[in-house]
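Here is the structure we will look at, set down as structure tokens.
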Amino acid sequence: MLRVAVCVSGGGTNLQAIIDAVESGKIRNTQLVRVISNKHGAYALERAAKAGIEGVTVAKKDFADTESFQKALLAAIDEAKPDLIVLAGFLVVLPQELVAKYKGKIINIHPSLIPSFCGDGFYGLKVHEAALARGVKVTGATVHFVDEGTDTGPIIAQKAVYVQEGDTPEVLQRRVMEEAEWVLLPQVIDQIANGQL
Ligand code: GRF
């Protein structure tokens with residue numbers, strides 16, 4: 001059984017896709033052991049609770065400085081003894097110590113085809129705003145390993161999504177989630193859990 005910890009900051013629709021895929025058997029040999037949120041009251045925590053997964057909040061505002069926040073985050077992850085850490089809309093720059101300790105065991109989902117529209121400042125709706133501003137006709141999502149940089153780690157999988165006439169950032173974000181993110185992330189976890197990667 002692959003022990004998976006999922007880190008979230010918000011609504012958790014990617015988390016939900018993972019939960020559903022484990023329940024339906026699309027993700028095999030995997031146990032979701034802990035959901036870690038950096039935001040109190042994130043809806044993702046409710047999704048975790050409904051699925052019977054332990055939820056933990058480690059919020060920066062509860063700590064005196066960045067160092068103590070980072071220590072607590074690392075501790076929350078270590079306690080879960082994960083084989084894999086999934087960043088599913090986690091809006092925190094990971095401490096270097098964490099990246100080094102779990103090298104090759106942290107994956108992230110990014111809502112564009114890397115190397116387009118990624119790196120510092122490209123998160124959430126901003127990614128889709130930039131894609132529309134540039135006028136691309138195809139965008140998508142990328143699952144990649146996490147290294148020391150922002151969205152710079154080795155690419156594992158990508159899925160393309162067509163931009164449509166009249167798309168707003170919100171509409172495009174939704175299509176990228178439905179057609180790419182919610183499909184790709186469970187697939188990659190299943191592959192890792194079953195030695196196919
Ligand atoms: C997704 O677009 C993900 O790719 C990005 O943040 C968003 C998170 O959405 N990094 P959710 O919390 O999974 O609904």
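Every heavy atom of this structure was used, including side-chain atoms; hydrogens, water molecules and symmetry mates were not. One-based numbering, in listed order, for ligands and for the atoms of each. As the structure is a computational prediction, the values presented were derived from the model and not from experiment.
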So which heavy atom on [X] is nearest to which on [Y], and how close?
X	Y	result
V127	P111	CG1-O, 3.3 Å
V176	A141	CG1-CB, 4.3 Å
T30	A193	OG1-CB, 3.2 Å

Answer yes or no for I109: is there a heavy-atom contact with ligand 1 below 4.0 Å?
yes
For ligand 1, which atoms have a heavy atom of M177 less than 4.0 angstrom away?
1 (C), 2 (O), 9 (O), 14 (O)
Going by the 4.0 angstrom heavy-atom rule, the piece of Q173 near ligand 1 is neither
Among G12, G89, G10, which one has a heavy atom closest to atom 12 (O) of ligand 1?
G12
Side chains of D167 and H128 only: does a donor on one sit below 3.5 Å from an acceptor on the other?
no
Between D78 and Y102, is any side-chain donor less than 3.5 angstrom from a side-chain acceptor?
yes
min-distance protein heavy atom vs atom 1 (C) of ligand 1 -> E181 OE1, 3.0 Å
Give the residue and atom name of whichever protein heavy atom lies nearest to atom 14 (O) of ligand 1, and the separation in Å to one decimal.
T13 OG1, 2.6 Å
